[in-house]
Amino acid sequence: MARAPSSILIFLLRNHRAWQNPNTQIRYLTTETKDSDFTEISQQICKIIRTKPRWEQTLPSDYPSFNFTDPQFFTELLKHQRNVFFSLRFFFWLSSQNGFLPNPVSCNALFTALVEAKAYNAAKLLLGHTGFSPDPASLESYIGCLCEGGYAQEAVDAFYRLKGAGVCLSIMTWNAALSGCLKVGRTDIIWILYQEMIECGVAADVETVGYLIQALCVDNNVLKGYELLRQVLVDGLVPGKAAFNKLISGFCKEKNYTRVSELLHIMISKNHDPDNYTYQEVINWLCKKGKGREGLRGFNDLKDRGYAPDIVMYTTMIHGLCTMDYIGEARKLWFEMIEKGYRPNEYTYNTMILGFCKIGSFEEAKILYKEMCDRGYKETTVSYNAMMRGLCLHGRTDEAYGLFTEMPHKGIVRDLITYNTLIQGFCKEGKIVESTNLFRDLLTQGFQPSTYTYTPLIERLCQVGAVQEAKSLWNDMKNRGLESTFGTQDYIIIGLCDQGDAAEGMEWFLDMLKRQVIHWKNTYVILWSISLAGRTTISLKHV
DNA sequence: ATAGGGTTAG
């Protein structure tokens, strides 16, 4: 039995400041009492680990007789510690002490606290470190938590852990999982999970269907998504707007405007009025698929019907007009947007600046560029790329290259598009040495070249008679699994023929036929080159 | 949730 701490107690009670000091209290409680009051001590320890930076080193030597490794003590501490990371740190400290056996109760309590704090990484760390089995309820909210944070793969792992324990998820968690996978574009996992869901015998609800439809759209399976929608509509279920919007966007991409308008009608009839998100996608894809005029008409119709386009819609429309080089119209919308009270943002500025650059109005572009900076928007890779692209389009590659060299000094990162823009610009001007130097530089920097990188290089090399180099670039491109654009192969054939190698030209041509990548516009030129080079008549028997 | 930068023929 411990000594009755009467003298110390009397001292402490008389000395208010000493009693306020947690160290003193602990020393009293741990050395002078046997039946340790865990509640009191843990409250004090909480204070210490919160305020004292190197408590791990001082705690044991300061209080040699207290048994910190009693699991009951840790459970008590957890109750009082608001900041779960302090508890975690304490837990790992305990684990390093001899004699502490993390018991399932404290592990589970800590795990639950971490999950509640949405500290998925820490929760995962704890799981991996201790290998304990959390109770199903915590594990289930852990799965929901992982999905929310975009950790789809980890969620699946946790799911199989639960499944192994014979527990099945509630529909809420299934939906959270599907939604989480959708957010990070992991449709592959969605289909696995959905299969599992069916096997568990959990009935999909209307929310589930919404996610499935969206997943089908992401997989470019819009028609299947549409069929699923029709099917559930018959059953009286109406998925949320997001599913409709994805379907509409998907059909726009496929230029299936009949379905688009049908879906818009369904939305209205089901009290899902199409919103800015819906229309923005329609206009976006109309512009991207070369129907900018229709896009503009739709945009104006919407305004006539009382819809108020938001800044994103305005930006989309301005961008569409700029791609068609209708800069005047774009500028009109720009001012209309400002009149309506929207301030141009980074996206709007970059779009408009590129528009001006493309038509060679560099003065206007520079004024806007300055305005953008004055408004506090930073210069970015995108804004630099836009200026460089404009300059390249107008034969001012030297100025573009000047910007390129300036970028690192301003701390602006160059990316693949930066390189591609310049490579294309130099190629266009026949500056093949500069282009290939940039290409080499790009590889040294560790970028993965894209089709946009190779195409201008191959074409220009062929034109200057360096067909061998062009062919090696072609192989390089193919080895990276990149698809060539229509027309690139034509240059190689014509280049080969210019060198008098009709036979190999023919080989390449037959290869194109086999792969059905013929660009019929150039076929006549190709056949003509081959026959000129080989002085033979090409008959379609070869085909 | 939504928007911005890189292919194409004289």
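For the numbers below, each heavy atom of this structure counts, side chains included, while hydrogens, waters and symmetry mates do not. In what follows, chains are A, B, ... by sequence order, proteins preceding strands, each numbered from 1.
Residue-level contact check: A:T455 touches neither bases nor backbone, having no heavy atom under 4.0 Å from any strand. Looking at heavy-atom distances under 4.0 Å, A:N276 makes no contact with the nucleic acid at all. Contact annotation for A:I353: no contact, since no heavy-atom pair falls under 4.0 Å across all strands. The residue A:K358 sits apart from the nucleic acid: no heavy atom pair falls under 4.0 Å. Among the heavy atoms of the strands, none lies under 4.0 Å from A:T488.
Computed from coordinates, the A:N345 CG to B:dT2 C1' distance equals 12 Å when rounded to whole Å. Distance OH (A:Y279) to C1' (B:dA1): 18 Å, rounded to an integer number of Å. Going from atom CZ of A:F356 over to atom P of B:dG5 covers 16 Å, rounded to whole Å. We find that CD1 of A:I412 is positioned 18 Å from P of B:dG5, with the value rounded to whole Å. As a whole-Å value, the separation of A:L393 CG from B:dG5 P is 13 Å. Between A:L482 atom CG and B:dT7 atom P there is a gap of 16 Å when expressed in whole angstrom units. Across the protein-nucleic acid pair, A:Y377 atom OH and B:dG5 atom C1' stand 18 Å apart, rounded to whole Å. Separating the CD1 atom of A:I283 from the P atom of B:dA3 is a distance of 13 Å, rounded to the nearest angstrom.
Within the 4.0 Å cut-off from OP1 or OP2 of B:dT8, at least one side-chain nitrogen or oxygen of A:Q424 is found. Residue A:R389 places no side-chain N or O under 4.0 Å from the OP1 or OP2 atom of B:dG5.
Checking B:dA1, B:dG6, B:dA3 against the side-chain heavy atoms of A:V312 singles out B:dA3 as nearest. Residue A:T421 has its side chain nearest to B:dG6 when only B:dA1, B:dA3, B:dG6 are considered. The nucleotide whose nearest atom lies closest to any side-chain atom of A:Y277 is, among B:dG5, B:dA1, B:dA3, B:dA1. Closest to the side chain of A:L416, from the set B:dG6, B:dA3, B:dG5, is B:dG6. Among the nucleotides B:dA1, B:dA9, B:dA3, the one closest to the side chain of A:T315 is B:dA3. Closest to the side chain of A:K428, from the set B:dG6, B:dA1, B:dT8, is B:dT8. Of the candidate nucleotides B:dT2, B:dG5, B:dG6, B:dT2 has the atom nearest to the side chain of A:D310.
Ring centroid separation for the pair A:H394 and A:F362 comes in under the 6.0 Å cut-off.
Checked by atom type and distance alone, the side chain of A:D219 never pairs as donor or acceptor with a backbone atom of A:N221 at under 3.5 Å. Within the 3.5 Å criterion, the main-chain N or O of A:I248 finds no donor-acceptor partner in the side chain of A:E281.
Under 3.5 Å, the side chain of A:N284 and the base of B:dA3 form no donor-acceptor pair of N or O atoms. A donor-acceptor contact under 3.5 angstrom links the side-chain atoms of A:S450 to the base of B:dG6. The base of B:dA9 has none of its N or O atoms less than 3.5 Å from a complementary donor or acceptor on the side chain of A:D490.
A salt bridge is defined here as a Lys NZ or Arg NE, NH1 or NH2 lying under 4.0 Å from an Asp or Glu carboxylate O, and A:K370 with A:D374 meets this definition. At a threshold of 4.0 Å, the pair A:E254-A:K289 does not count as salt-bridged, since none of the basic side-chain nitrogens sits closer than that to a carboxylate oxygen.
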For this session: Please report the C-alpha distance between A:D398 and A:K431 in whole Å, then the side-chain angles of each, then the deciding distance to 0.1 Å, and finally whether the salt bridge (Lys or Arg N to Asp or Glu O under 4.0 Å) criterion is met.
Result: CA-CA 11 Å; A:D398 290 338; A:K431 295 179 172 168; 3.3 Å; yes
